[in-house]
Amino acid sequence: VERVEEGFDKTFYTAPPKLKNIRVKNKQFETDGDVSITLKWRQPTNLKGEYVYYDFKITKPDKPGKLVYEDYSWGDINSIEIGNLPAKKMQIQVRARTDSNGAGRWSDWKKFSAPIEE
């Protein structure tokens, strides 16, 4: 009896890396008193040129369970414009997510507050 074994190619996919160098820039009051920000991060080398989902969530400081806002953006990007936020102290974190490899780990929390009125 002859046995034929089929060979299988194994490919290992790793989730996207944890995003680093999280910054909140361009804090501005909108005309209705809400706040808009730009969330920036260092784009990992292996994600440059790739279209990736970037999930973010905003909570009250020191209360990660008190969700203020969450959403995502998509593209070959390293920043997201976020508007209609309350003029309060908050914290934000972001992660990369791909269809094939799933979600990476959340970034560290970045605390921020509304801009100071002049």
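If you read the sequence from its start, that first residue is 1, and numbering goes on from there.
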Ignoring hydrogens and geometry, is there a side-chain-to-backbone donor-acceptor pair from N101 to T14 under 3.5 Å? yes
Minimum heavy-atom distance between Y54 and G75, given as atom pair plus value: CE1-O, 3.7 Å
Just wondering, do W41 and I77 contact through their side chains at under 4.5 Å, heavy atoms? yes
Residues passing the side-chain hydrogen bond (donor to acceptor under 3.5 Å, both in side chains) test with N78, sequence neighbours excluded, are none
Residues pairing under salt bridge (Lys or Arg N to Asp or Glu O under 4.0 Å) where one sits in residues 64-75, two or more places apart or in two chains, turn out to be none
Charged N to carboxylate O below 4.0 Å: is that the case for K111 and D62? yes
Gap between atom CG of L85 and atom OG of S36 - 0.5 Å precision: 8.0 Å
Are any non-hydrogen side-chain atoms of F112 and R23 less than 4.5 angstrom apart? no
With a 4.5 Å limit on heavy-atom distance, are the side chains of V52 and W74 in contact? no
Could you work out, with side-chain hydrogen bond (donor to acceptor under 3.5 Å, both in side chains) as the rule, every residue matching S73, not counting sequence neighbours? none
Looking only at non-hydrogen atoms, find the nearest pair between A103 and P16 and report the distance. C-CD, 4.1 Å
Do the side chains of V35 and P115 get nearer than 4.5 Å, heavy atoms only? yes
Taking only residues two or more places apart in sequence, or in another chain, which ones meet N21 in a side-chain hydrogen bond (donor to acceptor under 3.5 Å, both in side chains)? none
Nearest 0.5 Å please: distance from the CD1 atom of I80 over to the CG atom of L39. 5.5 Å
Please determine whether residues Y72 and W106 belong to a single hydrophobic cluster, defined as Ile, Leu, Val, Met, Phe, Trp and Tyr linked transitively by side-chain heavy-atom distances below 4.5 Å. no
Going hydrophobic residue to hydrophobic residue with side-chain gaps under 4.5 angstrom, can you get from F56 over to W109? no
Rounded at 0.5 Å granularity, tell me how far CG in L47 sits from OG1 in T98. 8.0 Å
Using atom types as modelled, flag every donor-acceptor pair under 3.5 Å from a side chain in residues 86-96 to any protein atom, sequence neighbours excluded.
residue	atom	partner	partner atom	Å
Q91	NE2	T59	OG1	3.1
Q91	NE2	K60	O	3.4
Q93	NE2	S107	O	3.0
R95	NE	D55	OD2	2.9
R95	NH2	D55	OD2	3.4

Where at least one partner belongs to residues 42-53, residue pairs that pass side chain to side chain donor-acceptor pair (under 3.5 Å), sequence neighbours excluded: Q43-D76
Step-by-step salt bridge (charged side-chain N to carboxylate O under 4.0 Å, His left out) determination, D108 to K18: CA-CA 9 Å; D108 293 334; K18 180 177 172 178; 2.9 Å; yes
